Amino acid sequence: MSEKATLEINGKKYEFPLVRGTENEVAIDIKTLRSSTGGVITIDPGYKNTGSCESAITFLDGEKGILRYRGYSIEDLADKADFLEVAYLLIFGDLPTQEQLDKFHSDIKENSVVDDDVKKILDAFPKSAHPMGVLSSLTAALTAFNPSSVDVSSEQDMYNSIVRIMGKFPVLVSWAMRKKHGLPLEYGDDNLGYVENVLRMMFKNPNREYEQNPILINALDKLLILHADHEQNCSTSTVRITGSSHAGLFVSLASGISALWGPLHGGANQAVLEMLEAIKEDGGDTKKYMAKAKDKNDPFRLMGFGHRVYKNFDPRARIIKKAADEVLGDLGVEDPILDIAKGLEKEALEDPYFVDRKLYPNVDFYSGIIYRAMGIPVEMFTVMFALGRLPGWIAQWREMRLRKEPIGRPRQLYIGETYRPFKAIAQR
Ligand code: ACO
């Protein structure tokens, strides 16, 4: 017998089916709520209880600290896979064979040249522009240079758009950084792996060849994998909802980049480093900042702490903390803010304010420390997050289109004025 939930409104009962996911999560299917009840809707600010879709891409259990892409644990993927394999897995559903991976990579390389005219748009930005704003604008602008990417009526059309953006996005990432630093704009080198190419495009000095460092390649691979998807978070929901109007992939991604920029989401990695830096400048007094974070009259929050879904620990934070130790050790970098971060974490994990609210370090608490050790400027941290999240956004957009999901259009509860007769300006 199928499972049901019963809702009683003013003495009248309504039944709604329960649906179960493959991990036994339960949801009440309220598709007929409004029509069967004569207009009743649900209200759920921040969508804390609302499933916006069914998805087969990423599973996470915030209570148990589990994160899996297409069934594979984040720990295994971070340890054993490379970023391009993970991108393929997320987008197409299975780990690729060598042949599939080679074809994917060669199609990406084939499409990785960005129209030289895009440089003119970049030129018009001031050097002071935040690279996230630049990246979002240029990603949207790519639509104008690739108009056929919008109208995707077949899986092949989708594939063509996907390999185009997978190829061109790292170029835009590197240009956003090089512009800020007054460096000539680079194109990629087809002889390199995906992540090696990103590093070369970002860091190649015009006066000399770029020497690859396996420590940096491995560190970036791992960071990108850890950021690659996280089910229906703020930016991913934005990508899905923009794409649900059948706007093209590139502009859907541009809206996701804008959503990611905020300090409560991806912008937290920059905010964490700035916070740790400020604590160091202020004499390293972590207790003072712990007190500020707990003071309800102080807007300060411990950046990199807390998560909407993880209420036990963020499995990505564990991997990143270990990686931070390893990468700094391998590179021979001693960074006092790593000690400040560890000190803050220790204090917070013992403090009833954080314990009671189940606030743990999230993915961004340690990622900035690694980025900094790699020589990546602080304003690029959220851009690096976007580069990692790209395959996740693409996978979610593709799933939404293949499932022919309806346009996203929430309801509201109106709480404004009721009807008022118009008042002529002299009577107001
Ligand atoms: N420092 C101090 N107190 C906090 C923090 C924090 N970082 N995070 C949450 N709290 C407190 C809140 O003040 C609230 O306390 P109250 O119950 O006494 O009012 C309680 O914990 C619950 O917090 P909410 O804001 O309601 O939790 P929500 O799920 O809406 O927000 C969020 C989650 C946005 C991540 C929040 O924890 C936060 O602002 N963290 C800092 C920013 C950050 O690191 N963002 C990155 C998230 S990971 C990512 O997007 C990749």
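When a ligand or atom number is given, it counts from 1 through the structure's own listing order. From a predicted model like this one, the values you see are computed outputs, not experimental measurements. One-based numbering along the sequence shown.
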**Q** With distance as the sole criterion, is a donor-acceptor pair present between the side chains of Ser258 and Ser136 under 3.5 Å?
**A**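 Yes - a donor-acceptor pair under 3.5 Å links their side chains.
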**Q** Which bit of Arg357 is near ligand 1, meaning a heavy atom under 4.0 Å away: side chain, backbone, both or neither?
**A**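 For Arg357, the contact with ligand 1 is made by the side chain alone.
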**Q** Does Arg357 count as lying over the ring of Tyr353, i.e. NZ or CZ under 6.0 Å from the six-ring centre, within 45 degrees of the axis?
**A**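 That pair qualifies as a cation-pi contact.
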**Q** Considering only residues two or more places apart or on different chains, which pairs with a residue in residues 213-226 satisfy side chain to side chain donor-acceptor pair (under 3.5 Å)?
**A**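 For residues 213-226, and leaving out neighbouring residues, there are no side chain to side chain donor-acceptor pair (under 3.5 Å) pairs at all.
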**Q** Which atom pairs, donor and acceptor, lie under 3.5 Å between side-chain atoms of residues 26-33 and protein residues at least two apart or in another chain?
**A**
{"unit_1": "Asp29", "atom_1": "OD1", "unit_2": "Lys31", "atom_2": "N", "d": "3.0"}
{"unit_1": "Asp29", "atom_1": "OD2", "unit_2": "Lys31", "atom_2": "NZ", "d": "3.0"}

**Q** Can you classify the ring geometry of His230 versus Tyr310 as parallel (below 30°), tilted (30 to 60°) or perpendicular (above 60°)?
**A**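 Answer is tilted, since the angle falls between 30° and 60°.
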**Q** Is the closest N or O pair between Val363 and ligand 1 shorter than 3.5 Å?
**A**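 For ligand 1, there is no N or O atom that lies under 3.5 Å from one belonging to Val363.
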**Q** Can an N or O of Arg316 be found at a distance shorter than 3.5 Å from an N or O of ligand 1?
**A**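 Between Arg316 and ligand 1, no N or O pair is found under 3.5 Å apart.
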**Q** Quick one: sort the Tyr194 and His105 rings into parallel, tilted or perpendicular, breaks at 30° and 60°.
**A**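 The arrangement is perpendicular - the two ring planes meet at more than 60°.
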**Q** Taking 4.0 Å as the limit for heavy-atom contacts, which would you say applies to Asn362 with ligand 1: side chain only, backbone only, both, or neither?
**A**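 Side chain only.
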**Q** Would you check whether Phe305 has a nitrogen or oxygen atom less than 3.5 angstrom from a nitrogen or oxygen atom of ligand 1?
**A**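 Yes.
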**Q** May I ask you to decide whether Asp189 forms a salt bridge with Lys204, counting only side-chain N to carboxylate O separations under 4.0 Å?
**A**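 Looking at Asp189 and Lys204, the cut-off is not met.
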**Q** Could you say whether the N/O atoms of Lys296 and ligand 1 ever approach to under 3.5 Å?
**A**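 Yes, at least one N or O pair falls under 3.5 Å.
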**Q** Is the closest N or O pair between Phe354 and ligand 1 shorter than 3.5 Å?
**A**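 So ligand 1 has no N or O lying under 3.5 Å from an N or O of Phe354.
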**Q** Can you confirm whether some protein heavy atom lies under 4.0 Å from atom 27 (O) of ligand 1, or whether none does?
**A**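 Neighbour list for atom 27 (O) of ligand 1 is empty of protein heavy atoms (cut-off 4.0 Å).
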**Q** Taking the inter-plane angle between the rings of Phe92 and Tyr159 on a 0 to 90° scale, is it parallel (under 30°), tilted (30 to 60°) or perpendicular (over 60°)?
**A**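 It falls in the tilted class, 30° to 60°.
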**Q** Should His227 be listed as contacting ligand 1, given a heavy-atom distance under 4.0 Å as the test?
**A**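 No; His227 lies far enough from ligand 1 that no heavy-atom distance drops under 4.0 Å.
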**Q** Would you call Phe300 a ligand 1 contact, heavy-atom distance under 4.0 Å?
**A**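 It does not, in that no heavy atom of Phe300 comes within the 4.0 Å cut-off of ligand 1.
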**Q** Tell me which part of Val272 gets within contact of ligand 1: side chain, backbone, both or neither, using heavy atoms under 4.0 Å.
**A**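 The answer is neither; Val272 stays 4.0 Å or more away.
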**Q** Would you mind checking if Lys103 and Asp107 are paired as a salt bridge, meaning a charged N to carboxylate O distance below 4.0 Å?
**A**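 Yes, charged N to carboxylate O under 4.0 Å.
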**Q** Check if Tyr353 has a non-hydrogen atom at a distance under 4.0 Å from any atom of ligand 1.
**A**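 In this structure, Tyr353 qualifies as a contact of ligand 1 - some heavy atom is under 4.0 Å.
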**Q** Pick one of side chain, backbone, both or neither for how Lys294 approaches ligand 1, counting any non-hydrogen atom pair under 4.0 Å.
**A**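 No part of Lys294 is near ligand 1 at this cut-off.
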**Q** Based purely on interatomic distance, does Leu302 place a nitrogen or oxygen under 3.5 Å from a nitrogen or oxygen of ligand 1?
**A**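 Yes, at least one N or O pair falls under 3.5 Å.
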